[in-house]
Amino acid sequence: MNITKICCIGAGYVGGPTMSVIAQKCPHITVTIVDINEARIAAWNDSDLTKLPVYEPGLAEVVAEARGRNLFFSTDVDTAIAEADMVFISVNTPTKTYGKGKGMAADLKFIELCARQIAAAATSDKIVVEKSTLPVRTAEALKSILHNTGNGVNFHILSNPEFLAEGTAVQDLHNPDRVLIGGETPEAVNALVDIYATWVPRERVLTTNLWSSELSKLTANAFLAQRVSSINAISELCERTGANVDEVSRAIGTDSRIGSKFLKASVGFGGSCFQKDILNLVYIARSYGLHEVAHYWEQVIIMNDHQKQRFADNIVQTMYNTVSGKKIAFLGWAFKKDTNDTRESAAIYVADSLLDEEANIIVYDPKVSAKQIYADLDYLCTRSPEENRRLVTVIETPYEAIQGAHAIAVLTEWDEFKGYDWKRIKDNMMKPAFVFDGRKLLANNNLSDIGFNYYAIGE
Ligand code: UDX
Ligand code: ADP
């Protein structure tokens, strides 16, 4: 099976960077990324590369190299499907907000719509690749929809989960630890292996059956999230006992059986994957009657919710049990540094909790827009949009955001925060000047010596 044309449905945080890198590395393949969101496609096509809808270090350079050569962004979904040999499905799979499995299961309505659209638009045989994270055995549903169209077209289904992390997406795509491809037809599997083998060493391209591939994605994210919740559980114990969580992380991380990565205590993990994938795992386990398995993984989420809540509670308690009318400056809103993505960011939940206590919140994030911040708060439906805009102000310069604040809360580990003039910041704040560091980012900035009341997670 010789692939010369690829279509990717979904121009988001996964589809955009992944397909841009495939196009960059495979100039002989024409890659068209389609999306129903016209504004998003217009932004991907913008001649000003700072306007790309996804902020990722190095991505603008990749797009600049391939766009217009063999990389195209379009809203014409049907044409791109009809012309392609291989169709990637990279649409969002949010947690269901209604009906059975509400708050737990993945909402597969976007995937099903895609399958039906592929079935309707296809006039020649196609390899269909699941890129979005999906519950185990979703490929079965895809197969059933595609194989029952009766238009004589053959479809081969592959699962090719994405392991890139936001903020390092381009690096992860250029040099992945592994690429995973699950499938039943060897020819179709090999066609995709050949594409990745253009730049990834063959031994790093793993092939499995469909269900192992689907389950491996959920399991990888569950294990990573579990490490964060494990170290966060220890961070609370550190705060009570006088141990320092960074020292504990370093001490255990040097054990080669444990390893040093994903042991950074924080205000809680966020992002579009960890919580969603664990909830999915829990839901699947429960649906097979595996209650102990479900209960085990659910604890990872419970610990994460606790970590966010106790960070907010600590701010209130430390500030004499009231933050009503006080100005609290948030440094960072994104769920991690080097991305403009805010999905499930701890900042949203910490803000919500402080707003319940009638705090005034001033937000500064180098990459997140005011529109996104208000949308995140409005989505919670805790208070009216007018109330959110009355209590929360978004400011584009950090020193202005901090002016006259009673406290600073560090929610995202942006490197630039470490380089600020902290003496100047203290001089412009209300006294005592509090800093609550949810990332243990400013541990080496000597804030206590400068005169701050400095509180860091796990210390
Ligand atoms: C994750 C997986 O890493 C990736 O393989 C998968 O494809 C998608 O989900 P992502 O959510 O983009 O990637 O970022 P990741 O680096 O995993 O961080 C997730 C959250 O955990 C962030 O909020 C981050 O701040 C937090 N985290 C991570 C910690 O609090 N401590 C750590 O040690 C690591
Ligand atoms: P991810 O992080 O998984 O990439 P995003 O929400 O960033 O998720 O991107 C998913 C994209 O898929 C969105 O831009 C959305 O408009 C697009 N999308 C969803 N359903 C369809 C569809 N049926 N056809 C085309 N695009 C779709």
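If you read the sequence from its start, that first residue is 1, and numbering goes on from there. Atoms within each ligand, like the ligands themselves, are counted from 1 in listed order. Scope of the values below: all heavy atoms of this structure, side chains included, with no hydrogens, waters or symmetry mates.
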Inset, instruction - If you have a sec, work out which protein heavy atom is nearest atom 12 (O) of ligand 2 and how many Å separate them, to one decimal? - result: Gly10 CA, 3.4 Å
Legend entry - For Gly12, the ligand 2 atoms whose distance to one of its heavy atoms is below 4.0 Å: 4 (O), 5 (P), 7 (O), 9 (O)
Legend entry - Donor-acceptor side-chain pairing of Tyr296 and Gln226 below 3.5 angstrom: yes
Legend entry - Options Asn92, Asp35, Ile81, Ile36, ranked by nearest heavy atom to atom 10 (C) of ligand 2, top entry: Asn92
Inset, instruction - State, without any angle test, whether Asp378 and Asn388 hold a side-chain donor-acceptor pair at a distance under 3.5 Å. - result: yes
Legend entry - Sub-3.5 Å N/O-N/O distance, Val14 and ligand 2: yes
Inset, instruction - Please say whether Asn37 places an N or O atom under 3.5 Å from an N or O atom belonging to ligand 2. - result: no
Legend entry - Any side-chain donor near an acceptor of the partner, Asn175 and Trp199, under 3.5 Å: no
Legend entry - Short side-chain donor-acceptor distance under 3.5 Å, Trp44 and Asp35: no
Legend entry - Greater than 12 external heavy atoms within 6.0 Å of Asp48's CG: yes
Inset, instruction - Could you tell me whether the side chain of Asp365 and the main chain of Ala334 form a donor-acceptor pair under 3.5 Å? - result: yes
Legend entry - Lys440 side chain to Ser235 side chain, donor-acceptor N/O pair below 3.5 angstrom: no
Legend entry - Contact atoms of ligand 2, heavy-atom distance to Arg40 under 4.0 Å: 5 (P), 6 (O), 7 (O), 9 (O), 11 (C), 13 (C), 14 (O)
Legend entry - Carboxylate-amine/guanidinium contact Lys131 Glu162, below 4.0 Å: yes
Inset, instruction - Establish, for the pair Lys126 and Phe155, whether the NZ or CZ atom is under 6.0 angstrom from the six-membered ring centre and no further than 45 degrees off its axis. - result: no
Inset, instruction - Please report which non-hydrogen protein atom sits nearest to atom 18 (N) of ligand 2, along with the residue it belongs to and the distance in Å to one decimal place. - result: Val91 CG1, 3.7 Å
Inset, instruction - Considering heavy atoms of the protein only, find what lies nearest to atom 23 (N) of ligand 2 and give residue, atom and distance to 0.1 Å. - result: Cys114 SG, 3.9 Å
Inset, instruction - Could you say whether the N/O atoms of Arg343 and ligand 2 ever approach to under 3.5 Å? - result: yes
Inset, instruction - Anything under 30° is parallel, anything over 60° is perpendicular, the rest tilted; go ahead and classify Tyr455 against Phe436. - result: parallel
Inset, instruction - Find all atoms of ligand 2 within a distance of less than 4.0 Å from any non-hydrogen atom belonging to Ile9, and give their numbers and elements. - result: 24 (N), 25 (C), 26 (N)
Inset, instruction - Show the protein residues that qualify under the rule heavy atom under 4.0 Å from an atom of ligand 1, listing them in chain and number order. - result: Glu162, Phe163, Leu164, Ala165, Glu166, Lys217, Asn221, Leu224, Val228, Phe262, Leu263, Lys264, Ser266, Phe269, Gly270, Cys273, Phe274, Phe335, Lys336, Arg439
Legend entry - Residue pairs fulfilling salt bridge (charged side-chain N to carboxylate O under 4.0 Å, His left out) with at least one residue in residues 8-17, sequence neighbours excluded: none
